[in-house]
Peer 1: 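Quick one: structure below, then a few questions.
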Amino acid sequence: MTTNTEKIFTFIDTYAQSKEGLYLEAIIEACEKWLQGDIQPELSETVTKEEIRRGIQLAILKGMKQHAQPHHQMTPDSIGMLIGHIAGKLAAGQQDLTLLDPAAGTGNLLYTAMNVIGNNVTATAVEIDDILVRLSAVTAELLEHPLTFYVQDALRPLLVDPVDITVSDLPVGFYPDDDNAVNFELVPAEGHAYSHHLFIEQSMNHTKAGGYGVFVVPANLFDSEQAASLHPYLKTRTIIRAVIQLPDSLFKNTAHAKSILVLQKPVEGVVKATPDVLLAKVPSMTDRHAMALFLQKIDMWVAES
Ligand code: SAM
């Protein structure tokens, strides 16, 4: 039997193949026509948000292969689900949760997390690449997720009220705009700043006191050339809550391995004992038993904090 996800992918793919021009543009067109009710995939009545997200995601992955761009990198579902699980537990019981992803790309990480967390979530997405924003905007409409989008350099002033949780798979590398980098504490004395460092600072600036930042960061974050300036920033401006190493098997090259960093923004005037930092390693994600135990460990850590 064909699943809803497959039907959605086939619907978009058939449309895109019938068009000349960029496949990614044709995905946007197909989704817009679906939203307007001009044409649509024939789905079973019980289609879920996850089935819609996955169907569109498969088409975007195909489009990205055909028109490779170095910054077109979608966050894999396994990472999105883990981040959704962590964010959902940190926000458990909280009504009307607000999220921010300052480097939202296709929105895949954000929507995977929103689907895990549930219904009472609104989010803000910032992304510099226009086509990725348009892809993520049509996806959000089809998923009926309440989203606000900003197409801009997220390290420029952001008109975003502080949110409960910032989630982001951070762009890694040098930030070329030295004139703007000087507005951040994490600007180095010489040379270009690291984008991912400035994104951490910007994200925490837009997170509520007591709120969290859950970031996908390079696994060598604490050993890099500019780590010396990151350490004091994290120590004085944030509370490091967890550093979770992702399995190497998720990355083509171990030099590009990533971890999940969970930070909390301190509440001014409230002095609390610094909680223990959770240092953990995610097991092979195909090992269901090991994964279930790992998620239990995360749940216990959240419950204890
Ligand atoms: N989570 C995303 C997804 O699932 O599609 C992928 C994020 S990707 C690792 C990082 C994103 O940051 C890219 O889409 C890139 O265009 C964006 N980016 C890089 N520099 C940026 C900047 N200064 N402001 C806003 N977005 C930026």
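Both ligands and their constituent atoms are indexed starting at 1 by order of listing. All values below come from the heavy atoms of this structure, side chains included, with hydrogens, waters and symmetry mates left out.
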Peer 1: Counting non-hydrogen protein atoms only, what is the nearest one to atom 16 (O) of ligand 1? Give residue, atom name and distance.
Peer 2: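 Sorting protein heavy atoms by distance from atom 16 (O) of ligand 1 puts E127 OE2, 2.6 Å first.
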
Peer 1: Starting from atom 24 (N) of ligand 1, find the nearest protein heavy-atom neighbour and note its residue, name and distance.
Peer 2: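 Ranked first by proximity to atom 24 (N) of ligand 1 is A154 N, 2.8 Å.
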
Peer 1: Could you list which atoms of ligand 1 come closer than 4.0 Å to a heavy atom of Q152?
Peer 2: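 Close to Q152: 24 (N), 25 (C).
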
Peer 1: Is it the case that one hydrophobic cluster holds both I165 and I79, taking links as side-chain heavy atoms less than 4.5 Å apart, direct or via other members?
Peer 2: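 Cluster IDs for I165 and I79 match.
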
Peer 1: What protein heavy atom sits nearest atom 26 (N) of ligand 1, and how far off is it?
Peer 2: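 For atom 26 (N) of ligand 1, the nearest protein heavy atom is I128 N, 3.3 Å.
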
Peer 1: Using heavy atoms and a threshold below 4.0 Å, how should the contact between H72 and ligand 1 be classified: side chain, backbone, both, or neither?
Peer 2: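 Contact part for H72 vs ligand 1: neither.
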
Peer 1: Heavy-atom pairs closer than 4.0 Å: do any link ligand 1 to the side chain of Y111, the backbone, both, or neither?
Peer 2: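 Contact part for Y111 vs ligand 1: neither.
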
Peer 1: How far is atom 10 (C) of ligand 1 from its nearest protein heavy atom, and which residue and atom is that?
Peer 2: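 Residue, atom and distance for the closest contact: D169 O, 3.8 Å.
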
Peer 1: Starting from atom 21 (C) of ligand 1, what is the nearest protein heavy atom, named by residue and atom, and what distance separates them?
Peer 2: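 Checked against all protein heavy atoms, atom 21 (C) of ligand 1 sits closest to F199 CZ, 3.7 Å.
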
Peer 1: Using a distance-only test with no angle check, is there a side-chain donor-acceptor pair under 3.5 angstrom linking D77 and Q57?
Peer 2: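 There is such a pair between these side chains.
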
Peer 1: Among all the protein's non-hydrogen atoms, which is closest to atom 23 (N) of ligand 1, and how far away is it?
Peer 2: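 Nearest neighbour among protein heavy atoms for atom 23 (N) of ligand 1, to 0.1 Å: D153 OD1, 2.9 Å.
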
Peer 1: Between I8 and E51, which heavy-atom pair has the shortest distance, and what is it?
Peer 2: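 The pair with the smallest heavy-atom distance is CD1-O, 3.8 Å.
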
Peer 1: Run through T5, T48, N108 and flag the one making a side-chain hydrogen bond (donor to acceptor under 3.5 Å, both in side chains) with R53.
Peer 2: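 Passing option: N108.
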
Peer 1: With T98 as reference, evaluate D164, D161, T207, T166 under the side-chain hydrogen bond (donor to acceptor under 3.5 Å, both in side chains) test and give the passing residue.
Peer 2: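 Option passing the side-chain hydrogen bond (donor to acceptor under 3.5 Å, both in side chains) with T98: D164.
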
Peer 1: Nearest non-hydrogen atom to atom 6 (C) of ligand 1 belongs to which of Q73, H71, R156, M74?
Peer 2: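 Minimum heavy-atom distance to atom 6 (C) of ligand 1 goes to Q73.
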
Peer 1: Side chains of E201 and N205: do they bring a donor and an acceptor to under 3.5 Å?
Peer 2: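 No.
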
Peer 1: Tell me the closest heavy-atom pair linking A154 and V126, and the distance in Å.
Peer 2: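 Closest approach of A154 to V126: CB-CG1, 3.6 Å.
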
Peer 1: Indicate whether the side chain of T122 and that of D96 have a donor and an acceptor atom separated by less than 3.5 Å.
Peer 2: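 No, because no side-chain N or O of T122 sits under 3.5 Å from a partner of the opposite role on D96.
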
Peer 1: Would you indicate which of P102, G173, P171 comes nearest to atom 18 (N) of ligand 1 when only heavy atoms are counted?
Peer 2: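 It is P171 whose heavy atom sits nearest to atom 18 (N) of ligand 1.
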
Peer 1: Give the minimum heavy-atom separation between K62 and Q17, together with the two atoms involved.
Peer 2: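 Heavy atoms only, the tightest pair is NZ-NE2, 3.3 Å.
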
Peer 1: What atoms of ligand 1 come within less than 4.0 Å of a heavy atom belonging to G105?
Peer 2: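 Within the 4.0 Å cut-off of G105, ligand 1 contributes 5 (O), 14 (O).
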
Peer 1: Tell me, which protein residue and heavy-atom name are nearest atom 5 (O) of ligand 1, and how many Å apart are they?
Peer 2: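 Answer for atom 5 (O) of ligand 1: T106 OG1, 2.6 Å.
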
Peer 1: Check each heavy atom of A104 against ligand 1 and say whether those closer than 4.0 Å belong to the side chain, the backbone, both or neither.
Peer 2: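 The backbone, only.
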
Peer 1: What protein heavy atom sits nearest atom 1 (N) of ligand 1, and how far off is it?
Peer 2: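 Here the nearest protein heavy atom works out to T75 OG1, 2.7 Å.
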
Peer 1: With ring centroids as reference points, do F174 and Y194 lie under 6.0 angstrom apart?
Peer 2: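 Judged by ring-centre distance (under 6.0 Å), F174 and Y194 do meet the cut-off.
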
Peer 1: Under 4.0 Å from a heavy atom of L109: give me the atoms of ligand 1 that qualify, with their elements.
Peer 2: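 Listed by number with element: 1 (N), 4 (O).
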
Peer 1: For ligand 1, which atoms sit closer than 4.0 Å to a heavy atom of L132?
Peer 2: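 Going through ligand 1 atom by atom, the ones under 4.0 Å from L132 are 14 (O).
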
Peer 1: Considering non-hydrogen atoms only, spot the tightest contact between H196 and L221 and give its length.
Peer 2: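 Result for this residue pair: CD2-CD1, 3.8 Å.
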
Peer 1: Out of G80, A125, A103, P70, indicate the one that has the non-hydrogen atom closest to atom 12 (O) of ligand 1.
Peer 2: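 Ranked by closest heavy atom to atom 12 (O) of ligand 1, first place is A103.
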
